[in-house]
Amino acid sequence: MPELPDNVVYRRRIADGALNRKIAQTNVVDPRILAGVEPHRFDEVLSGQTLTETHRHGKHVFAKYGDETGWLAFHFGMTGKVEIVENGDPSEYAYIQLHFEDGGHLAFVCPRKFARVRLIDTPEAFLEEKELGPDARRVDVEAFLEQLEGRRGSIKGRLLDQQVVAGLGNIYADEALYQEGIHPATTVPELSEANLRSLYDAIQVVLDAAIDVESDPTALDPERFMLPHRYGDERCPDTGVPLETEQVSGRTAYFSPARQSPPA
DNA sequence: ACTGGCGCCTGTTTGC
DNA sequence: TGCAAACAGGCGCCAG
């Protein structure tokens, strides 16, 4: 699920529910979810620590522990999520757990195991190492244009490239392209600067709307947005024509053939 | 340097 | 109805 809006929700969840609670111990149910650190080391580092600060960039959420020690980095893959549990046992698939002294715990849940938890020095250094692009919601339009300068591939492929801009995933990229009437397979050079400026605006509108509904795409206004129809009648909310799909950059792209003409 | 394609995992949906 | 195949809101790695 997790694209930028989901990460907004998860960061808030951690900020509201996990800060300033002393970690008694950790439980790593599946060590494959930990990247670059062994479970015993992970536990050694975090036990006795307290999360003090959070940050989000694109599809990563960061949580600082201790005074000057380091940060946790969460990436949610396809099916990851974070839950704060006050009472009761961890839910199924809670492969990494931070248990607080007061009895509650943070559960990092990821049935498909594509998600990863890391220990990093700082978010800045991590973003640089991964060469991630600017956050899709904080980037300004000029920097957005610059990131697309000289690109040749499909606009959808570029929007999904986290090194171009960080945060967009399969469904919100489709939605932004729908809003702007751009077929997902259109190449970047086929788009005018005006097209790209409008697309930038559409991305902001789509992300804001998604955040407003806690990143539940089916809860978006069905009159304005395509996404609710992707999971429903599969018809264009504007024209009523059936939505079509096509593989673009290895992902299924939904689009309205009535509004988004394929490239020549 | 860029780009598209494949494989990683497993639960759920689809289709014969 | 039952089972196999296809699919899924992502990304690292590879070859062209």
Margin query: Pairing donors with acceptors under 3.5 angstrom, does anything connect the side chains of A/Thr50 and A/Asn20?
Written below: no

Check: Could you state the CD-C1' distance from A/Gln162 to B/dC2, rounded to the nearest angstrom?
Finding: 16 Å

Note to self: Can you measure A/Leu168 atom CG to C/dG10 atom P for me and round it to whole angstrom units?
What the structure shows: 10 Å

Checklist line | Whole-Å gap separating C1' (C/dG10) and NE2 (A/His60) | finding: 10 Å

Check: Taking atom C1' of C/dG12 as reference, at what distance in whole Å does atom CD of A/Gln163 sit?
Finding: 11 Å

Next item on the list: Return the orientation label for the A/Tyr200 and A/Phe144 ring planes: parallel under 30°, perpendicular over 60°, tilted otherwise.
Entry: tilted

Notebook entry, point to check: Does a side-chain heavy-atom distance below 4.5 Å link A/Ile171 with A/Arg230?
Noted result: yes

Notebook entry, point to check: A/Leu4 CG to C/dC11 P: how many Å, rounded?
Noted result: 11 Å

Notebook entry, point to check: Under 4.0 Å between a side-chain N/O of A/Arg158 and OP1 or OP2 of B/dC2, yes or no?
Noted result: no

Check: For A/Leu159 and C/dG10, what is the distance between atoms CG and C1' respectively, to the nearest whole Å?
Finding: 15 Å

Check: Excluding sequence neighbours, so at least two apart, what forms salt bridge (charged side-chain N to carboxylate O under 4.0 Å, His left out) with A/Glu83?
Finding: A/Lys81

Checklist line | Length of the line joining A/Tyr231:OH and B/dT12:P, which is rounded to integer Å | finding: 16 Å

Checklist line | Set of residues satisfying side chain to side chain donor-acceptor pair (under 3.5 Å) with respect to A/Arg118, sequence neighbours excluded | finding: none

Item checked: Pair assignment for B/dC9, Watson-Crick or G-U wobble, requiring both distances under 3.5 Å -> none

Item checked: Euclidean distance, atom CE of residue A/Met78 to atom C1' of C/dG12 [Å, nearest integer] -> 14 Å

Check: Is it true that A/Arg56 and A/Asp135 have a side-chain N and a carboxylate O under 4.0 angstrom from each other?
Finding: yes

Next item on the list: For the pair A/His60 and A/Phe126, name the ring-plane relationship: parallel under 30°, tilted 30 to 60°, perpendicular over 60°.
Entry: perpendicular

Next item on the list: For C/dT1 versus B/dG11, give the span between their P atoms, rounded off to a whole number of Å.
Entry: 24 Å

Margin query: Regarding A/His40 and A/Glu38, do their side chains bring together a donor and an acceptor under 3.5 Å, going by distance alone?
Written below: no

Check: Near DNA chain C, which residues from residues 144-155 of chain A have a heavy atom under 4.0 Å away?
Finding: none

Check: After noting the C-alpha distance and the side-chain angles of A/Phe255 and A/His183, does the key distance pass the ring-ring contact (aromatic ring centres under 6.0 Å, His included) rule?
Finding: CA-CA 7 Å; A/Phe255 62 97; A/His183 189 286; 4.4 Å; yes

Check: Between A/His75 and C/dC11, does any side-chain N or O lie under 4.0 Å from OP1 or OP2?
Finding: yes

Note to self: Checking A/Glu223 now: which residues fulfil side chain to side chain donor-acceptor pair (under 3.5 Å) with it, not counting sequence neighbours?
What the structure shows: none

Note to self: If only side-chain N and O atoms count, and only distance matters, is there a donor-acceptor pair under 3.5 Å linking A/Ser198 with A/Asp201?
What the structure shows: no

Notebook entry, point to check: Would you say A/Tyr93 reaches B/dG11's phosphate, i.e. side-chain N/O to OP1/OP2 under 4.0 Å?
Noted result: yes

Check: Does the ring center of A/Tyr10 lie less than 6.0 Å from the ring center of A/Phe76?
Finding: yes

Notebook entry, point to check: Do any of residues 245-261 of chain A sit with a heavy atom less than 4.0 Å from DNA chain B, and if so which?
Noted result: A/Ser249, A/Gly250

Check: For residues 112-140 of chain A, which residues have at least one heavy atom under 4.0 Å from DNA chain C?
Finding: A/Arg112, A/Phe114, A/Lys130

Note to self: In whole Å, measure the gap between the P atoms of B/dC6 and C/dA6 for me.
What the structure shows: 14 Å

